[in-house]
Amino acid sequence: GSVEFRHLTFRYPDGEYDVLQDISFTIHPGESVGIVGKTGAGKTALVDLLLRTYNVPDGTLFVDGRDVNSLSIHSVRNACAYVPQDNFLFSDTIENNIKIAKHDATRAEVEAACKKAALDGFIQKLPKGYDTPVGELGGALSGGERQRISIARALLKDAPIVLLDEATASLDVENETVVQQALSRLLAGKTVIVIAHRMRTVENADKIVVLKDGVVAEQGTPAQLKAAGGEFARMVALQKEAAAWQL
């Protein structure tokens, strides 16, 4: 469950500039790390590289102390459970959409994952239960229900590393609260990487890494960074001010 970025510089294959420059930080097993920064700072690129969506330069990304280029793409992805902001659902049943994470899972395993994801009660009320079609791209479900299916997938997979990419950003307050409770069950004992725009999403993380224009601007515990009065403290203050205006 350990992840280390070691002087990593990366440019997308068709890119004109480096989206990440000399990135170095370590995530220890069982540690939760929040990755924050403005849009375009390079946050999602870190997830793309860890999931091996793009090739990684040798000697710059390590999982459990091993260079990811010495491991198969399958083994690296198998060690990660990914919950994105906009999850993809197939035009199939709820059960089959969840079993994408573990094709040989039993119905009992699927139900157990759904109970932890606060989804089982909703499914039991449907006329066909777990055999209910989700519609084209999950169109028959609400945003909160689709997101809880994504969390149920991750729970079923039970991988040591969990990646959350703005997992609650598109939800209303009521759905966000339910999903956050489900996430707390998913994350117990895991190594967690949380990409967030909302600072309150990462306020309980063990460590924060602030990206700015593709570089690590600062890193430390939330309390340390607030006390330092740097980029993280500025973002927290701005979001509190924005929330106050909305009230």
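Keep in mind that this is a model prediction, so the values were computed, not measured.
When atom types are taken as modelled, the side chain of Lys38 and the backbone of Asp213 share no donor-acceptor pair closer than 3.5 angstrom. A donor-acceptor contact shorter than 3.5 Å is absent between the side chain of Thr9 and the backbone of Gln21. Panel note: side chain Thr191, backbone Gly30; a donor-acceptor pair is recorded below 3.5 Å. For the pair Asp67 (side chain) and Phe62 (backbone), a donor-acceptor distance under 3.5 Å is absent.
Put simply, the side chain of Tyr82 reaches to within 4.5 Å of the side chain of Val47, judged on heavy atoms. Side-chain contact between Asn97 and Tyr130 is absent, with no heavy atoms from C-beta onward closer than 4.5 Å. Residues Ile208 and Glu218 have side chains not in contact (no heavy-atom distance under 4.5 Å, counting atoms from C-beta outward). By the 4.5 Å heavy-atom criterion applied to side chains, Ser32 and Val194 are not counted as neighbours. The closest side-chain heavy-atom distance from Leu89 to Arg153 is below 4.5 Å. Looking only at side-chain heavy atoms (C-beta outward), Leu61 and Val3 come within less than 4.5 Å of each other. Side-chain contact between Asn69 and Arg52: present, with at least one pair of heavy atoms (C-beta onward) separated by less than 4.5 Å. For the pair Thr132/Ile123, no side-chain contact is recorded, criterion being any heavy-atom separation below 4.5 Å from C-beta on.
Val209 and Val162 end up in different hydrophobic clusters when Ile, Leu, Val, Met, Phe, Trp and Tyr side chains are linked at under 4.5 Å. Val202 and Phe5 sit in two unconnected hydrophobic clusters of ILVMFWY residues. Membership requires side-chain heavy atoms under 4.5 Å apart, directly or through other members. Hydrophobic clustering (ILVMFWY, side-chain heavy atoms < 4.5 Å, transitive): Ile27 and Val56 are in one cluster. When the side chains of ILVMFWY residues are joined at heavy-atom separations under 4.5 Å, either directly or via intervening members, Phe10 and Ile195 end up in a single hydrophobic cluster. Leu50 and Val216 fall within a single hydrophobic cluster, where Ile, Leu, Val, Met, Phe, Trp and Tyr are joined by side-chain heavy atoms under 4.5 Å apart, directly or via other members.
The aromatic rings of Tyr12 and Tyr54 stand perpendicular to each other, their planes meeting at an angle above 60°, with 30° marking the opposite boundary.
Ser75 is linked by a side chain to side chain donor-acceptor pair (under 3.5 Å) to Ser72, counting only residues two or more places apart in sequence or in another chain.
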Side-chain donor/acceptor pairs under 3.5 Å, residues 98-112, sequence neighbours excluded:
residue: Lys99; atom: NZ; partner: Ala105; partner atom: O; Å: 3.4
residue: Lys102; atom: NZ; partner: Glu109; partner atom: OE2; Å: 3.0
residue: Thr106; atom: OG1; partner: Glu109; partner atom: N; Å: 3.1
residue: Arg107; atom: NE; partner: Glu95; partner atom: OE1; Å: 3.1
residue: Arg107; atom: NE; partner: Glu95; partner atom: OE2; Å: 3.2
residue: Arg107; atom: NH2; partner: Glu95; partner atom: OE1; Å: 2.7
residue: Arg107; atom: NH2; partner: Asp131; partner atom: OD1; Å: 3.3
residue: Glu109; atom: OE1; partner: Thr106; partner atom: N; Å: 2.8

Per-pair distances, 0.1 Å, donor-acceptor, side chain in residues 225-236, under 3.5 Å, sequence neighbours excluded:
residue: Glu231; atom: OE2; partner: Arg234; partner atom: NH2; Å: 2.7

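Pairing each heavy atom of Ala205 with each of Gly34, the nearest pair is CB-N, 4.0 Å. The two residues Val83 and Ala154 make their nearest non-hydrogen contact at CG2-CB, 3.9 Å. A pairwise comparison of heavy atoms in Ala159 and Ala81 identifies CB-N, 3.7 Å as the closest pair.
Heavy atoms of other residues, nucleotides or ligands lying less than 6.0 angstrom from CG of Asp22 number more than 12. A 6.0 Å sphere centred on NZ of Lys116 holds no more than 12 heavy atoms belonging to other residues, nucleotides or ligands.
Here the straight-line distance linking atom CG of Asp120 with atom SG of Cys114 works out to 6.5 Å at 0.5 Å rounding. The NE2 atom of His7 sits 14.5 Å away from atom CG of Leu20, with the distance rounded to the nearest 0.5 Å. Taken to the nearest 0.5 Å, the CG atom of Leu119 stands 12.5 Å off from the CZ atom of Arg146. Distance check: Asp165 CG to Asp48 CG gives 8.5 Å after rounding to the nearest 0.5 Å. Note that CG of Asn96 is 11.5 Å distant from OG of Ser91, once rounded to the nearest 0.5 Å. Cys80 contributes atom SG, which lies 7.0 Å from atom NZ of Lys157 (distance to the nearest 0.5 angstrom).
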List the steps, then state whether side-chain contact (heavy atoms from CB on, under 4.5 Å) holds for Val68 with Thr60. CA-CA 9 Å; Val68 292; Thr60 60; over 6 Å; no
Pair Phe25-Leu46, side-chain contact (heavy atoms from CB on, under 4.5 Å): steps then yes or no: CA-CA 11 Å; Phe25 64 90; Leu46 291 176; 4.1 Å; yes
Can you list the steps and then say if Ile23 with Leu211 is a side-chain contact (heavy atoms from CB on, under 4.5 Å)? CA-CA 9 Å; Ile23 300 294; Leu211 292 183; 3.9 Å; yes
The test is side-chain contact (heavy atoms from CB on, under 4.5 Å); show your working for Leu126 and Ile94 and say whether it passes. CA-CA 11 Å; Leu126 298 172; Ile94 289 175; 3.6 Å; yes
